[in-house]
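Written out below as structure tokens is the structure these notes cover.
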Amino acid sequence: MRLNIYGMTPKKLGEYFGAGGDNPAKAAIVLDGIYRKRIGSFSELPLSQRVTEQLSRDFSFQLPEVVQVLDSSDTAKLLLRLSDGEYVEAVLMRQSFGSCVCVSTQVGCSMGCSFCQSGRLRRRRDLSPDEIVGQVLAIENTFGVKVTGISVMGIGEPFDNFTNVTEFLDIVTYPKGLALGEKHVTVSTCGLVPEIRKYAELPHPCNLAVSLHAPNDELRSGLMPINRRYPLSEVLSAAEYFSVKANRRITLEYIMLGGVNDLPCHAQQLSDLIGDRSFYVNIIPYNPTDADMFRKSSRDDIMRFYDVLKKNGIGVTMRREFGSELKAACGQLSADYTK
Ligand code: SAH
């Protein structure tokens, strides 16, 4: 069976050439051809006929099939069909500073966060590296944009698919390929502690965001089942390990759930929890899902929460809302498996 060329990391492609007695540096020529010149056939590469014929025998150029395009002014969403008939979604956010894509990493998700639409699905399978890269290319091809930022925040828990996600990161950050800077790619996790530590050990990790959503274990365990396995103290010390090791500031994501976690006392607890660690808080408005257990916090409650963090010297930003009219906002992706 042929492998998908979009799933080949620079290292694996170099090894492929090396194993066949060729110069591993040919990998750079192939990746430059695919991601920069956007060749559709290996015969377009400046390589000998023997090599291009061998590549054609060994690799395909398969992308996920675009089955639905939803587009509004600043956000667009693609429904993509994978080779085995499963579906995932990818979102484009048109921002003043560039085009950012939000990619999915699994078909379904088994983390079961109570406020998340994707969490209502069971995990059906992991996406392969080529299926994650394919989402970026499908967005670029469909909308004629050059992607300048990637959020690994679509359907799925990226660290529950660690190897494939890190291979995806190697592919999109490769300087002769899509060439995204490590600081322009952010992986968001619900808090899988061993993988946060493993991620910190990578030679060139991208950014990290941690979905916190609550300032104490009781509240967090009620919202996010994963907290029973990895409580807040462990999540935050792993995040701190990453921030020191990679010398990066970490984003703590915090959804504002009206009356649940948005009171001034929660903001104070959160400030105490962070202390003088190099974390900043990204306040996210709650986007409604089919489970209407929660409501959005009022503007006033959000401002009060924000002010307490500010007063305590915590860096805090508010996430702009994208895509709720397309069911493309954070926590709303489901690819409608449920229908
Ligand atoms: N599994 C990863 C990445 C996917 S979710 C994670 O948990 O981080 C991306 C972000 O959207 C997470 O911070 C998630 O908690 C948040 N989110 C989930 N449901 C949401 C909702 N209904 N409204 C707003 N944000 C939501």
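Counting starts at 1 for both ligands and their atoms, in listed order.
Relative to the six-membered ring of Phe143, Arg94 meets both conditions, a distance below 6.0 Å and an angle of at most 45° to the axis. Within the cation-pi definition used here (under 6.0 Å to the ring centroid, within 45° of the axis), Lys176 does not qualify as a partner of Tyr35.
In this comparison of Thr189, Ile255, Leu223, Leu257, the heavy atom closest to atom 26 (C) of ligand 1 sits on Ile255. Comparing Ser211, Ser104, Ser151, Pro285 against atom 13 (O) of ligand 1, the shortest heavy-atom distance belongs to Ser211.
Residue contacts with ligand 1: Met111 is excluded, as none of its non-hydrogen atoms falls under 4.0 Å. Using a non-hydrogen distance threshold of 4.0 Å, Pro288 does not register as a contact of ligand 1.
Taking any N or O of Ile284, backbone or side chain, none lies under 3.5 Å from an N or O belonging to ligand 1. Ligand 1 has an N or O atom lying under 3.5 Å from an N or O atom of Ser188, backbone or side chain. Polar contact with ligand 1: present for Phe115 (N/O pair, distance under 3.5 Å).
Counting heavy atoms under 4.0 Å from ligand 1, residue Thr289 touches it through the side chain alone. Residue contacts with ligand 1, taken as heavy atom pairs separated by less than 4.0 Å, involve His213 solely via side-chain atoms from C-beta onward. Residue contacts with ligand 1 for Asn287 involve both N, CA, C or O and side-chain atoms from C-beta outward (heavy atoms, distance under 4.0 Å). Residue-level proximity to ligand 1 for Met153 is carried by backbone and side chain together, each with a heavy atom below 4.0 angstrom.
In this structure, Tyr199 has its ring center closer than 6.0 angstrom to the ring center of Phe159.
Side-chain contact between Gln95 and Thr148 is absent, with no heavy-atom pair separated by less than 4.5 Å.
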What donor-acceptor contacts under 3.5 angstrom involve side-chain atoms of residues 201-208, with partners at least two apart or in another chain?
| from | atom 1 | to | atom 2 | distance (Å) |
| --- | --- | --- | --- | --- |
| Glu201 | OE2 | Tyr241 | OH | 2.3 |
| Asn207 | OD1 | Arg248 | NH1 | 3.0 |
| Asn207 | ND2 | Lys183 | O | 3.0 |

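For Asp170 (side chain) and Pro10 (main-chain N/O), no donor-acceptor pair under 3.5 Å exists by modelled atom type. Side-chain atoms of Ser104 come within 3.5 Å of backbone atoms of Ile155 as a donor-acceptor pair (strictly under, hydrogens ignored).
Contact atoms of ligand 1 toward Tyr286: 21 (C), 22 (N), 23 (N) (distance under 4.0 Å to a heavy atom of the residue). Residue contact check: Gly156 has heavy atoms under 4.0 Å from atoms 1 (N), 2 (C), 3 (C), 4 (C) of ligand 1. In summary, the atoms of ligand 1 found under 4.0 Å from a heavy atom of Cys116, numbered by their order in the structure, are 18 (C), 19 (N). Listed by number with element, the atoms of ligand 1 under 4.0 Å from a non-hydrogen atom of Gly154 are 4 (C).
In this pair, His213 and Tyr254 present their aromatic rings perpendicular. The plane angle is above 60°, beyond the 30 to 60° band.
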